[in-house]
Amino acid sequence: MKLLWAVSALLLSCLRANASTGPNIIAEPSEVVNQTVAILSCNMTESSLPIKGSHWLHNGQKIDTSVSEDSAPFTTLRLDKITHHSSGKYECVFVTEPEGKKTIEVKILPHVSTHKHSEHGNENDEAELVCDGHGYPLPTDWTWFKEVDGGKTPIINGTSDKYEIKSTPNKTTLIINSLSIDEDIGDYICSGTNELGTTSDKIHLRVRSRLAALWPFLGIVAEVIILVAIIFIYEKRRKPDEITDDDDSGSAPLKSNSNDNHKDKNVRQRNSN
Amino acid sequence: MPPPAATNLGYTPPDGGWGWAVVLGSFISIGFSYAFPKSLTIYYKEIQAYFSVSYSEIAWVSSVMLASMYAGGPVSSVLVNRFGSRPVVMVGGVMVCAGMVLASFGTSIIHLYLCVGVIGGLGLAFNLQPALTIIGTYFQVKRPLANGLAMTGSPVVLFTLAPLNQFLFDSFGWRGSFLILGGIVLNCCVAGALMRPVNKAVQPKPKLEPPPCDQEDPAANANAQSANLLTEESQSEGKSERCLDKFIDVSLFKHRGFLIYLIGNVFMFFGFFAPVVFLAPYARHQGIDEYSSAFLLSIFALVDMFVRPATGFIGNTKWVRPRIQYFFSFAVAYNGVCHLLCPLAEGYSGLVVYTVFFGVAFGMLCALLFEVLMDLVGPKRFSTAVGLVTIIECGPVLLGPPMSGALVDKFGDYKYMYYACGVMMLVPGIFFFVMNYYNYKKLDEERMQSAAAEMRNSEEAVELKMNPVEKIAYETDG
């Protein structure tokens with residue numbers, strides 16, 4: 001009885017195994033590492049299944065130019081210039097029942113870039129330096145260095161209040177607190193490491209003095225004061241030539257107590273005593 | 001032949017000479033008042049990140065500043081009536097400077113609301129009203145031209161401030177920039193220094209300054225002599241009203257022209273600024289890239305810059321000047337038509353065409369906006385009138401863009417907003433045409449009636465007052 005069970009279980013598993021693996025596909029090469037050009041190919045062996053076509057996927061997205069209705073059991077994809085954009089997981093797909101796919105990984109050194117090559121910070125404020133990582137596989141480790149006298153000193157997270165590093169696989173941020181002009185100006189290097197190696201990029205940090213804006217401000221205030229003074233002095237110089245205009249009662253010898261001309265327009269009166 | 005409703009000055013405005021220096025001062029003041037709040041938006045992104053606040057909280061700075069500017073209108077008018085333009089503008093300049101300097105040391109967003117928003121806005125209000133008022137005292141014949149030139153300050157200052165702000169921001173960060181902007185805005189004091197009070201005693205004239213409220217000053221009715229004086233048409237404002245003149249001139253609400261202007265403007269302002277605000281977003285919505293969309297705004301400002309003085313010049317010509325209200329009505333209606341046709345614009349070149357036409361419309365309207373008010377109420381009451389107008393316009397101006405934004409959000413399409421704005425400008429335009437026609441008719445009738453009345457008065461007076469001791473000769477103008 002037990003023997004019968006074992007034999008039927010074995011047969012069942014064999015059957016299931018045959019059904020679930022589907023057609024056998026050989027992918028060549030199995031993996032692309034650090035190359036600039038590659039030709040990926042997939043070969044479907046021992047298939048009696050009808051092939052209605054084939055195409056390739058890049059990171060899950062169909063490559064439109066690779067779609068073919070050909071019923072050939074092999075397909076190739078040529079990659080001419082492998083950069084961090086074109087790295088990733090490539091899958092060849094045969095349109096059969098069930099579908100046959102195989103994955104080829106195209107790996108490359110990480111591409112590390114900064115948002116801006118030069119950052120500004122204000123004295124006593126904080127500065128944020130950001131590096132992005134692209135490519136496949138994404139960097140697993142990030143390190144920051146400060147360039148001192150031609151050499152690199154590593155910045156270690158958590159040793160002091162001054163530096164704080166926050167990293168995710170595709171981005172790393174270095175936060176520098178209480179910027180000082182003497183110590184913090186200079187180049188900072190971010191390095192991203194994946195299984196193939198390390199690449200870095202450099203950011204230059206500039207720290208503005210608190211008082212930097214003060215001098216232009218004082219200059220402009222001085223200019224305003226000088227201009228206003230000039231205008232007023234010019235006016236005082238001209239005053240003796242003119243009758244003062246704010247002396248109401250003095251300059252009006254022509255008074256009249258006639259109120260009849262309320263509604264009159266364009267009426268002139270002359271009153272001589 | 002003096003234009004209607006403008007002859008109650010009692011002296012001849014110079015219409016030139018130092019007046020052009022005053023126009024320069026007004027140019028600077030008006031320029032800063034309108035352009036400064038708009039140009040500060042460049043800093044918002046950085047300040048938003050610095051204080052970790054939401055976008056709407058930052059946008060409140062602009063709203064508070066604009067609200068202060070409009071609400072400060074009546075306060076400004078009262079001060080101008082009392083002290084004249086010059087001290088008010090200089091105080092205003094110092095206020096904005098102080099506000100910006102304090103803001104540069106700010107530690108929270110509330111700090112910015114108070115310093116930039118309240119103090120800054122109030123200071124700008126103290127710049128705007130006096131600058132407009134003083135033009136009326138210096139110019140009579142060339143007033144539309146002077147107004148047009150002064151209003152050109154707004155696009156010119158905006159055009160220079162926008163890249164300057166960007167440069168300051170890159171070099172100094174927002175705090176340093178606020179400090180330096182405080183200095184730049186202090187130049188409003190220079191503008192104020194230029195606003196010398198007009199010399200009213202060069203030509204002998206009847207006294208015009210309203211007497212202090214508690215005295216009857218017979219000097220106020222003094223005689224005039226010599227040729228070509230424009231005497232006041234009314235001590236008819238009455239002495240009791242002179243007291244109110246010093247504060248809010250409520251009698252303005254009985255003034256027909258003022259009411260027409262006010263009602264039309266309140267509706268018009270709902271649709272006035274929204275198209276400007278949404279020009280770049282609409283372009284991007286059509287699929288145009290960011291730089292080209294921003295370039296549309298530059299085209300708009302450039303066209304605006306040239307149209308304003310041109311409109312002033314046209315408004316000054318002898319064909320338009322007597323009927324300048326119709327010109328204004330045309331400008332308003334033209335704006336409306338522009339917006340209604342905007343959804344028909346296709347592609348980038350269509351939008352450029354629309355922008356050019358809109359720039360012309362906007363420039364015409366702005367150049368004439370205050371000139372027609374001066375024309376309606378006269379330079380003496382202009383200060384109070386403009387104070388009242390700005391505080392009442394405060395509502396539509398602040399509500400207009402958000403309401404239009406809500407329209408866009410609701411329908412997902414900009415064309416309904418443009419239709420709405422077009423209608424909101426076309427209807428007041430037609431309203432202005434009709435009511436001004438009626439107003440001009442009434443004014444003409446009144447003038448003929450009072451001309452007849454003065455003929456009768458002078459005849460009676462000659463009979464009554466003729467006696468051997470006093471020789472009084474009356475000459476009447478035709």
Side-chain angles (χ1 to χ4, degrees), chain A residues 120-123 125-126 128 206 208-232 234-235 238-239 241-273, chain B residues 7 90 97 101 104 168 170-173 175-177 179-180 182-184 186-187 189-190 192-194 196-202 204 207 209 217-219 221-226 229-236 447 450-451 453-454 457-458 461 465 470-478:
Chain A
H120 294 266
N122 292 311
E123 205 182 353
D125 265 343
E126 65 175 34
E128 222 176 74
R206 303 218 301 255
R208 302 181 198 120
S209 153
R210 270 285 195 197
L211 300 176
L214 192 59
W215 306 117
F217 171 69
L218 290 177
I220 297 176
V221 170
E223 166 249 322
V224 167
I225 294 178
I226 292 174
L227 281 177
V228 171
I230 292 176
I231 293 173
F232 276 126
Y234 173 69
E235 195 168 309
R238 283 176 40 125
K239 258 245 158 117
D241 302 336
E242 297 163 356
I243 313 167
T244 63
D245 59 296
D246 45 16
D247 191 1
D248 286 354
S249 42
S251 57
L254 318 162
K255 293 189 192 195
S256 144
N257 47 12
S258 132
N259 291 331
D260 303 33
N261 53 355
H262 270 211
K263 298 196 181 54
D264 291 345
K265 274 207 260 192
N266 307 321
V267 169
R268 297 185 219 116
Q269 295 175 308
R270 202 181 305 141
N271 192 352
S272 54
N273 295 11
Chain B
T7 58
M90 296 185 77
C97 173
V101 169
S104 78
L168 285 177
D170 289 335
S171 312
F172 297 105
R175 284 185 193 272
S177 302
L179 191 63
I180 296 182
I184 292 177
L186 197 62
N187 281 297
C189 283
V190 178
L194 286 172
R196 190 193 299 167
V198 70
N199 203 329
K200 296 185 180 169
V202 170
K207 288 306 163 245
E209 286 85 48
D217 189 357
N221 304 331
N223 305 341
Q225 57 174 236
S226 84
L229 273 191
L230 317 160
T231 54
E232 50 200 306
E233 75 184 61
S234 45
Q235 260 85 339
S236 70
R447 194 152 12 108
S450 55
E454 88 190 19
N457 274 355
S458 64
K465 301 228 166 163
E470 294 179 336
K471 274 190 225 136
I472 302 164
Y474 290 83
E475 299 159 37
T476 52
D477 256 354

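Here is how names work: the chains are called A, B, and so on, in the same order as the sequence lines, proteins then strands, and each is numbered from 1. Nothing here was measured: the structure is a model prediction, and the numbers come from that model.
- Applying the side-chain contact (heavy atoms from CB on, under 4.5 Å) test to A:Ile226 and every residue at least two apart in sequence or in another chain returns A:Ile230.
- Contact check for B:Val101 versus A:Phe217: side-chain heavy atoms found under the 4.5 Å cut-off.
- Within the 4.5 Å cutoff, the side chain of B:Leu186 has heavy atoms near those of the A:Val221 side chain.
- With a 4.5 angstrom heavy-atom cutoff, A:Glu223 touches chain B only via side-chain atoms.
- Proximity to chain A is absent for every atom of B:Leu168, based on heavy atoms less than 4.5 angstrom apart.
- Among A:Val224, A:Asn122, A:Leu214, the residue making the largest number of heavy-atom pairs under 4.5 Å with chain B is A:Val224.
- Looking at B:Ser104, there are no atoms closer than 4.5 Å to chain A (heavy atoms on both sides), in backbone or side chain.
- With a 4.5 Å cut-off on non-hydrogen atoms, A:Leu211 does not touch chain B at all.
- In terms of non-hydrogen atom pairs under 4.5 Å with chain A, the most contact-rich of B:Ser177, B:Gly192, B:Gly173 is B:Gly173.
- Between the SG atom in B:Cys189 and the CG atom in A:Leu227 there is a gap of 11.0 Å [rounded to 0.5 Å].
- B:Arg175 has its side chain out of reach of A:Arg208: every pair of non-hydrogen atoms, C-beta onward, lies at least 4.5 Å apart.
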